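Throughout, protein chains are lettered first and strands after them, A, B, ... in sequence-line order, and every chain is numbered starting at 1. Note that the structure is predicted; figures quoted are calculated from it, not measured.
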Amino acid sequence: MGRRTTLERYGDKGTAIGHVRGLGSSGEGAHHWLLQRFTAIGNLLTVLFLVVSLILLPDLSYATARDWVSNPIPATVIALLIISVFWHARLGLQVLIEDYVDTPGNKFAAIAALNLATFGGAAFGLFSIARLALGAPLVGGA
Amino acid sequence: MADRPLSPHLSIWRWGPHMLVSILHRVAGDGMAFIALPVLLWWLGALASGPEAYESFAGVMTSPIGYVVLVGISWAFFNHMSSGIRHFVLDMGAGYEISLNKKFSYVSIASGIVLTIAFWGAILLF
């Protein structure tokens, strides 16, 4: 495994510079970079809201936490937190994979697994908040 | 590996605080993705599932190992937040002078630790 030489990569079809000349940037890097910054701002605001709320809540018992997160503003902010944080984590782990997984097939598989995990995780978080905020009957009563 | 020389890597550089900030940013960020996000989902899922599920979540999180995990998560967040704000400053093109860059690096690491201590102090106080 590991990085291949230019000749191995392109055979006799030309040099590496010939392949990339005139193409400009990769075309997606700036978009990824910007989204990482935008979601970072989202994380900063929403997680600090959660941090301050955790400090100010009188305790973190079931009833207290449930009543708090069921209110419209906390429910909205925590739902936004889920979207922003999972999106940011997906972007960050993608960079980790791109840095350390060299083999194209493994890289594809790792990024596919990452997408499943982050979309699945975010969906579960949003569903949980929706259930709390919209007041589905709870197992074991309230 | 190819026989040709690859770009110089970790071993040839003299370590400085900016390198520590950089690797801690990645460790804290990717660490949160693997540990803090599952804990967050467990918390919300337990709240949505009812008192019994919440009891088992709270039982694990208030055990000694649970507190280690929670303190670790809080440090990872405040550290990643501090070095993330440093990134925003660098993104604006500021703070690249060597002495200032070093100073901000130390401030970033210290800020992560101080905010973690302040957070747990505030949790205990209020």
Straight-line distance of Q36(A) CD to H87(B) NE2, nearest 0.5 Å = 8.5 Å

request  = Can you check whether anything in residues 34-43 of chain B gets within less than 4.5 Å of chain A, heavy-atom wise, and list it by number?
outcome  = F34(B), L37(B), L40(B), L41(B), W43(B)

note = Okay, L44(A) and chain B: the region with an atom under 4.5 Å from a heavy atom over there is side chain

ask   = Do the side chains of V51(A) and V71(B) join up, straight or via other hydrophobic residues, at under 4.5 Å, putting them in one cluster?
value = yes

inquiry  = In this structure, would L81(A) and F49(A) fall into the same cluster of hydrophobic residues linked by side-chain contacts under 4.5 Å?
reply    = yes

ask   = Does the side chain of N43(A) come within less than 4.5 Å of M81(B)'s, by heavy atoms?
value = no

query = Should L80(A) and I78(A) be counted in the same cluster of Ile, Leu, Val, Met, Phe, Trp and Tyr side chains packed under 4.5 Å apart?
reply = no

key: chain B neighbours within residues 67-76 of chain A, where any heavy atom lies under 4.5 Å away   = W68(A), V69(A)

Interface residues of residues 116-127 of chain A facing chain B - non-hydrogen atoms under 4.5 Å apart = G121(A), F124(A), G125(A)

remark   = Here the pair of heavy atoms bringing A89(A) nearest to A33(B) is CB-CB, 4.1 Å

message = Working note: D99(A) + R26(B), criterion side-chain contact (heavy atoms from CB on, under 4.5 Å); need CA distance, chi angles, decisive distance, verdict.
response = CA-CA 12 Å; D99(A) 279 356; R26(B) 173 162 276 190; 2.8 Å; yes

Segment of I129(A) engaging chain B (4.5 angstrom heavy-atom cut-off) = side chain

inquiry  = Could you report the tightest heavy-atom contact between F126(B) and I55(A), atom names first, then the distance?
reply    = CB-O, 3.4 Å

message = In this structure, would L20(B) and V89(B) fall into the same cluster of hydrophobic residues linked by side-chain contacts under 4.5 Å?
response = no

query = For R90(A), is it the side chain, the backbone, both or neither that has a heavy atom under 4.5 Å from a heavy atom of chain B?
reply = neither

Nearest atoms (heavy-atom pairs only) where A40(A) meets F88(B) = CB-CZ, 3.9 Å

task = Please check if atom CZ in F104(B) has more than 12 non-hydrogen atoms from other residues, nucleotides or ligands closer than 6.0 Å.
result = no

task = Identify the heavy atoms of L47(B) and A65(A) that sit nearest to each other, and give their distance.
result = CD2-CB, 3.7 Å

task = Following the transitive rule for hydrophobic clusters with a side-chain heavy-atom cut-off under 4.5 Å over Ile, Leu, Val, Met, Phe, Trp and Tyr, establish whether I85(B) and L90(B) coincide in one cluster.
result = no

note = For residues 105-125 of chain B against chain A, heavy atoms under 4.5 Å, the residues are F119(B), A122(B), I123(B)

